[in-house]
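Below is one structure, written out as structure tokens, with a few remarks after it.
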Amino acid sequence: CCCCCCCCCCCHRAARMSNMDSSGFYSSYQSNIAGNNYMPENSSQRGTGDSNSFAATKNFSDSDAASAASSLAGVGIFFQQDSDTNEVFVKTIVKGGSADRSGVLRVGDVVVRVDHDNVEGQPLSTLRSRILGSQGSYVTLGFRRREGPETTYYDVPLMRGSPEYFESLKATQPLQDEIERLRRQNTHLEAQRVQDAAELQRFRSHMEAQRQEFDHKFLAMDDSLARKDEEILRLKHELMGLDDHRREATSAKSELAKLKESMVDDGRRAEEKESLRLHYIEDLKHKMEDERQRMEEHI
């Protein structure tokens, strides 16, 4: 791929064009600048340089550079743009510059906002015009940082100026270091707050997922209990029907027992009658035999 690279550093291109090197800053990256381009030390990682350079453009004249050198400054960052994604990311952080002093930025962070305005996908020239400004003024840059699967967004206010400018501030304003320290601490706390907020959001999302899962299981349990209650009610109705059948069977059994007892009594009475009849017949036979004998004797 081919990447555009740029420099939002602490001095303007005019310092190079006018051969200004009193700060010693320009010499630290002079070897990486060829013509109007900034060439990264390891361009094979994300791309190669081209003529679209943050630090300089072909239409920037020496007279313009000379007048701008004393008034425009950056924040001590070399940016590079990936031509495939158009992402502008931090390639190098200049030691002693505003970005380095903040202690927050890292190489590879992608710039997404300038003074809270979205600049994603915009060309380097737009970022150059937005970031460069007078020394001592502030610009707030928003970055996106990817760490494994996690993505963090943070804003960092940076003062425009060269390392020498910050050294002069240190010499003339003893409280500046303390202010910068507190600013860095505040920025770090803000970044920590953003991370905590992201962690809290992840926790809330996890809890919401857990709640939804619990609700799903609870509803499923309710459905299961409702089905079981219906089954219990059906079994109760069946049991009540069986109880009715049992009572009917018991009643029928009792009736049958009474009928059997009655039949037994009838049978016993019938046997008694039959026994009496047999006795009567036997007595009648004896009487007839006696009468027959008596008549034979009489004859």
Side-chain angles (χ1 to χ4, degrees), residues 3 5-10 40 42 45-47 54 74-82 84-122 124 126-128 130-133 136-161 163 166 169-170 175-215:
C3 301
C5 46
C6 61
C7 168
C8 180
C9 53
C10 301
N42 187 6
Q45 293 179 358
R46 307 251 332 235
F54 200 127
V75 292
I77 304 173
F78 281 103
F79 287 107
Q80 183 171 325
Q81 188 170 31
D82 191 317
D84 290 337
T85 63
N86 282 333
E87 289 183 341
V88 177
F89 61 94
V90 177
K91 180 63 177 178
T92 306
I93 299 175
V94 178
K95 184 174 179 61
S98 181
D100 180 50
R101 292 163 65 87
S102 72
V104 177
L105 279 78
R106 297 180 188 174
V107 172
D109 290 354
V110 177
V111 61
V112 294
R113 290 185 299 273
V114 177
D115 285 334
H116 306 290
D117 294 332
N118 192 306
V119 294
E120 291 186 89
Q122 296 188 13
L124 295 175
T126 301
L127 269 68
R128 174 182 181 278
R130 295 292 301 274
I131 295 177
L132 290 179
S137 61
Y138 281 90
V139 60
T140 300
L141 301 182
F143 291 90
R144 179 177 65 242
R145 177 179 297 164
R146 292 192 183 94
E147 294 178 318
E150 302 295 331
T151 300
T152 303
Y153 291 85
Y154 67 93
D155 291 335
V156 53
L158 299 172
M159 179 186 288
R160 299 181 177 98
F166 292 115
L169 289 180
K170 184 187 297 184
L175 295 180
Q176 188 65 30
D177 283 345
E178 181 65 17
I179 293 174
E180 286 298 317
R181 186 188 67 80
L182 293 176
R183 190 183 301 279
R184 288 196 301 270
Q185 183 179 3
N186 181 67
T187 303
H188 176 72
L189 291 176
E190 178 64 19
Q192 185 65 42
R193 184 193 67 81
V194 171
Q195 292 179 358
D196 292 343
E199 183 67 24
L200 178 60
Q201 184 60 35
R202 288 193 296 271
F203 177 75
R204 286 176 176 173
S205 300
H206 176 71
M207 293 302 295
E208 179 64 19
Q210 290 289 329
R211 185 189 66 80
Q212 292 178 358
E213 183 180 358
F214 175 79
D215 289 345

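Bear in mind that the values here come from a model prediction, so they are computed numbers and not experimental data.
- When each of Thr140, Val75, Val139 is tested with Pro157 by the rule side-chain contact (heavy atoms from CB on, under 4.5 Å), just one qualifies, namely Thr140.
- Side-chain contact between Val110 and Val88: absent, with no pair of heavy atoms (C-beta onward) separated by less than 4.5 Å.
- Between Arg113 and Asp155 there is a salt bridge, with a side-chain nitrogen of the basic residue lying less than 4.0 Å from a carboxylate oxygen of the acidic one.
- Between Arg202 and Glu150 there is a salt bridge, since at least one side-chain N of the basic residue sits less than 4.0 Å from a carboxylate O of the acidic one.
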side-chain contact (heavy atoms from CB on, under 4.5 Å) between Val104 and Phe143, intermediate numbers included:
CA-CA 10 Å; Val104 177; Phe143 291 90; over 6 Å; no
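- If you take OG on Ser98 and CD1 on Ile93, they are separated by 11.0 Å, rounding to the nearest 0.5 Å.
- Interatomic distance, Gln81 CD to Leu124 CG, rounded to the nearest 0.5 Å: 4.0 Å.
- Residues Gly97 and Pro163 come closest through the heavy atom pair N-CG, 4.3 Å.
- Arg130 and Asp117 are joined by a salt bridge, as a carboxylate oxygen and a charged side-chain nitrogen come within less than 4.0 angstrom of each other.
- When each of Asp115, Leu158, Leu141 is checked for a side-chain contact (heavy atoms from CB on, under 4.5 Å) with Ile131, only Leu141 meets the rule.
- A donor and an acceptor atom, one from each side chain of Glu208 and Gln212, are located under 3.5 Å apart.
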For the pair Glu199 and Arg193, evaluate salt bridge (Lys or Arg N to Asp or Glu O under 4.0 Å) and give the outcome as yes or no after the intermediate values.
CA-CA 10 Å; Glu199 183 67 24; Arg193 184 193 67 81; over 6 Å; no
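- To the nearest 0.5 Å, atom CZ of residue Arg211 and atom CE of residue Met207 are 10.0 Å apart.
- Taken to the nearest 0.5 Å, the OG atom of Ser102 stands 12.0 Å off from the NE2 atom of His188.
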Test side-chain contact (heavy atoms from CB on, under 4.5 Å) on Val111 and Phe89 and set out the steps.
CA-CA 6 Å; Val111 61; Phe89 61 94; over 6 Å; no
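- By the 4.5 Å heavy-atom criterion applied to side chains, Leu105 and Tyr154 are counted as neighbours.
- When each of Arg144, Arg146, Arg145, Lys91 is tested with Asp109 by the rule salt bridge (Lys or Arg N to Asp or Glu O under 4.0 Å), just one qualifies, namely Arg145.
- Taken to the nearest 0.5 Å, the OG1 atom of Thr152 stands 10.0 Å off from the CD atom of Gln192.
- The minimum heavy-atom distance between Ala99 and Gly76, with the atom names listed, is CB-O, 3.9 Å.
- Judged by distance alone, the side chain of Ser205 and the main-chain N or O of Gln201 form a donor-acceptor pair under 3.5 Å.
- With hydrogens and angles disregarded, a donor-acceptor distance shorter than 3.5 Å links the side chain of Thr187 to the backbone of Arg183.
- Defined by atom type and a distance below 3.5 Å, a donor-acceptor pair is missing between the side-chain atoms of Tyr138 and Arg160.
- Between the side chains of Asn186 and Glu190, no donor-acceptor pair is found at a separation under 3.5 Å.
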